[in-house]
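Below, chains carry the letters A, B, ... as their sequence lines are ordered, and counting in each starts from 1.
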Amino acid sequence: MLIITCPWCGARPEVEFRYGGEAHIARPADPSALTDAEWADFLYNRTNPKGLHAERWRHIHGCGRYFNALRDTVSDFFVTTYKAGEKRPDIDASSGGSK
Amino acid sequence: MTNRFRTASGGRIDRAAPLSFRFDGQTFSGFKGDTLASALIANGVHLVGRSFKYHRPRGFLSAGSDEPNALVNVARDAARAAPNLRATQVELYEGLKAQSQNRWPSLSFDAGAVNDLAAPFLPAGFYYKTFMWPAGAWKRFYEPKIRAMAGLGVAPDLPDPDRYTQNHAHCDVLVVGAGPAGLAAALAAAESGAKVILCDEQAELGGSLLSETTATIEGKPAADWLAATLATLTARDNVTLMPRTTAFGYFPHNHIALAERVTEHLAAPGPDLPRERLWEVRAKEVVIAAGALERPLVFPDNDRPGVLLADSARTYANRYGTKVGERAVIFTACDAGYRAALDLKAAGVSIAAIADLRAEVSGELPSRALAAGIDVRPSTVLVGTKGRLRVASAQLAKVTKGAVGPAETIACDSVLMSGGFTPSVHLFSQSRGKLVWDGAAGAYLPGTSVERERSAGACRGVNGLQRVLEDGYAQGEAAALAARTYTSPARGATPAPAAPSRSIPASAEDLGTDGFIGATPHGRNPAFTKAFVDWQNDVTAKDLKLATREGMRSIEHVKRYTTTGMATDQGKTSNMNALGIVSEALDTPVPKIGLTTFRPPFTPTTFGLFAGAARGDVFDPVRKTAIHDWAAEHGAAFEDVGNWKRAHYFPRAGEDMHAAVARECKAVRASVGMFDASTLGKIEVVGPDAAEFMNRMYTNAWAKLEPGRLRYGVMLREDGFVMDDGVVGRMAADRFHVTTTTGGAPRVLAHMEDYLQTEWPDLDVWLTSTTEQWSVIAVQGPKAREVIAPLIEGIDLSKEAFPHMSVREGTILGVPTRLFSVSFTGELGFEINVPSAYGRAVWEAVYAAGERFGITPYGTETMHVLRAEKGYIIVGQETDGTATPDDVNLGWAVGKAKKDFVGKRSLLRESMSAPDRRQLVGLKTTDPKIVLEEGAQIVADPAAPVPVPMLGFVTSSYHSAVLGRSIALAMVKGGRARIGTKLMVPMPTHAIEVEVVEPVFYDPKGERLNG
Ligand SMILES: [Zn+2]
């Protein structure tokens, strides 16, 4: 079981968290301005990378906050976590480590 | 009490403490300190099981957790029985009762042994090839037969009366294995001040030191050094010693699972003790000191009782004072065979011969064997053994330039073999560390780490007692140092193993690194020989070769095809030999064949350990409302809705469900009923931006809803499909009392939190779950107002002042209430929200006040019927995640003028308003007595050629008492346009004719709502 670092509470076991899908996909400010294809892209298409993946997690059995994480989909380990609204940290996959 | 096969003296058994035990109904004796295996061997018993597939007689192969053969059932009583225990790990206690397994009718005569004669017809992959068809025959016929014939033990069918506990522990350094490397590692880490846990699967800590008779460490006999070291560790308050504790699983971020057997070794376990404890350890650093496992040699008939691993025979002699026989033949590819021969000879076993696979035999141990007058034969193999239930002779043959010469038969009652040692890399591999092939060691060794762990001693290929001790000390010290600078569970670059930092002088026989992998030559017709590789799964060298001939190339494919290494012993004794045989058959080097993955558990683990306390009533939380006990006292039948227990109906004497529901329905329509709606999800949405937030989350328009009014809200997912619904009360400009479906509450709150936190953090809104805070008492029926009127204070209940779909705050019996005028029945209705602590008191008061109107408590079934008569949907029953609001006739609830809400954009897609979408309609069977089955398919013409086009399905179906006929709701393609037409509902025996109707069956104008 992984240890995940909630940016608000600190390191906690994985069972306290719930996955929330890919991060940094903002809901369009005016959905009605989008074509069907653009809307479908927002709704359904995800990057599914091999390597670093920015994703949302919620500390559901703790503070209840959503936050973002960079996780290496090859090793399953988290590289870093950061608060919702913050920019994706500029880390490349080769830095390898996990936090 | 004499044991014929006891040594005259010595061993770690307590000869002053004799114990009596039973095996297969026969009484034997042993000593405290014995395992079931050592005690049976001391009594001359080697035949302890029948093999899995061929039912061949089997004896002990090893003395530890790698034992593949000697699986027994140990039973204290009918409920306390544990099958498949390795007799080599079962500690003897007074009165122990054990049974052999997988034999019928008895061990010495087993009807299944006919499989052995039929062996030419049971090759590798036999099950796959033979039992494929006819379809269904596997489940009906083959599987039960094969299971009966080739089963392992039988689990007891009574509930387990014992307790199992689950615990968490944290430490700086966890050391797995308390042999010389682990002890030294624990010592070093403890001296560095680290908090240390040292666990070992055995009853006694010490590992290989427990079998040493002549070795010395720091000038003391090994046993004395062990005792002194354990005393030192025990005295330290930063060290926890855990014997009988198996580290069975290595999970991410140094999360190690330990199984501690607490009472298995006790004759009379105290009632306060759990049987086992699960320890979930989080260690900053882990030192794996798992040692090495001796490899068998793969030669014909190497599975007869009396054929053992050489070092195990030495352990029986040195540690348990038990001789495996009177006269042994030894077959070895390394010096371990000589060490065993010398120790057994000293214990009084005569050594008939040592057959050594190697041509060159030199060094200290062979020299000592020769000096002791043992018949040592280099370049010699065993080409077979004889004996029915016990080995009686071995056939030895000289190998000259690869050719096997004529065999010489040597009488013996035991054959001891050693192919060298395989480092136990199971835990390292479980940690996802990369193994690397070490050609010099002829073994896979730990390479790159993934976790914060390091291996020490024999499990990383270090050999020689002094080197192992010093390596253990160095790794323990390095682990403690790393733990001191620990900041996160992440492993950085794999550090090079620490160099020895302290000298721990020790003297012991040096075994070197010789060994053999694969099958030894025998020159016999392979069709008529069985040279076993995997004892537990009955896999022979021939089976592996067959698999390669049939095209298997990867070891993973060979494993699955032959089942080698797939038994409960996880291939501890078989994996490397299997690799060697496949490597030779394919003429491909071992590292190119690959290695199968080691998976948890290291040894079999009980279900009790995993279940812990989560059994029976506490398996899953049960949620009960404040009114639950009243309902139970009034005879309610309950149904499970999620974790909730809900009153399903309230049968009176002589009533079945149908009769009770019909009575309850009529009472509500004719007078008044009451219903516990407390399980509804409730969320308090509060803040200056609450109305704006509600506008965005629900399809409805909220801005103009005045405080004091209710509105039925529909919530969509972003894809436009109905997710939840519920009545929402506006308590104040900045406060909403939101209700959700019973099952949907957590999902809806998470959905709201998601948008609030991540899309609109600028909105000033707070969300609080209040599901448990409110009891909800629904009072429904024409007399509802009259029932509650005398109890309510501070609210004008008149029709004009308190119209349908309103909310008022006041008191009931002095208890603050949020009173809703709302109906899910189509009748005049109220929902009384009161703090849960007063739920039952208010319920009882309402019940008493309603007595003069014959108030009738009703359950969820009646609630379902009444709402279906009105065509009210239940999200999750009429909807399945693909229904738009319009599909279920809720188009009116969508705020068309709103610029945006969650799901709005998706509703604009053309297909979301296509006329042939499935739409909610009512169905009336032509025969009013027929109640359709929910889920039944709907077609136009059941006689149409298959596949018959499906038009939809029945979502709700009941008998309606007030209408005196059946009613149903259904989702039907283009359903609204089909109203007035006939469709068919095909059933297995016939098709049922139905008429498509409007989905509101009762009071279509809604006149009854206002009372
Ligand atoms: Zn948190």
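- The environment of CD in A/Glu86 is crowded: more than 12 heavy-atom neighbours from other residues, nucleotides or ligands sit within 6.0 Å.
- Within the 4.5 angstrom heavy-atom criterion, atoms from both the backbone and the side chain of B/Ser906 approach chain A.
- For residues 32-43 of chain A, heavy-atom neighbours of chain B at less than 4.5 Å comprise A/Ser32, A/Leu34, A/Thr35, A/Asp36, A/Trp39, A/Phe42, A/Leu43, sorted by residue number.
- The CZ atom of A/Arg56 sits 9.0 Å away from atom CD of B/Gln757, with the distance rounded to the nearest 0.5 Å.
- Between A/Glu14 and B/His253, every side-chain heavy-atom pair lies at or beyond the 4.5 Å cut-off.
- Other residues, nucleotides and ligands contribute at most 12 non-hydrogen atoms within 6.0 Å of the NZ atom of A/Lys87.
- The minimum heavy-atom distance linking B/Asp900 with A/Arg27 is given by the pair OD2-NH1, 2.8 Å.
- More than 12 heavy-atom neighbours from other residues, nucleotides or ligands sit within 6.0 angstrom of CZ on A/Arg46.
- Of the atoms belonging to B/Glu753, heavy atoms from both backbone and side chain fall under 4.5 Å from chain A.
- Summarising the local packing, NZ of B/Lys195 is surrounded by 12 or fewer heavy atoms from other residues, nucleotides or ligands at distances under 6.0 Å.
- Side-chain contact check for B/Asp719 versus A/Tyr44: some heavy-atom pair is nearer than 4.5 Å.
- Side-chain atoms of B/Arg282 and A/Ile3, non-hydrogen and from C-beta on, do get closer than 4.5 Å to each other.
- Contacts of B/Tyr250 with chain A are absent, with no heavy-atom separation under 4.5 Å from either backbone or side chain.
- Taking 4.5 Å as the heavy-atom cut-off, the residues of residues 61-68 of chain A that approach chain B are A/Gly64, A/Arg65, A/Tyr66, ordered by number.
- Seen from the ring of A/Phe77, B/Arg432 counts as a face-on cation partner, given the 6.0 Å and 45° thresholds.
- Across B/Val450, B/Asp754, B/Leu908, the residue that shares the most heavy-atom pairs under 4.5 angstrom with chain A is B/Asp754.
- By the 4.0 Å N-to-carboxylate-O rule, A/Asp30 lies too far from B/Arg905 to be salt-bridged with it.
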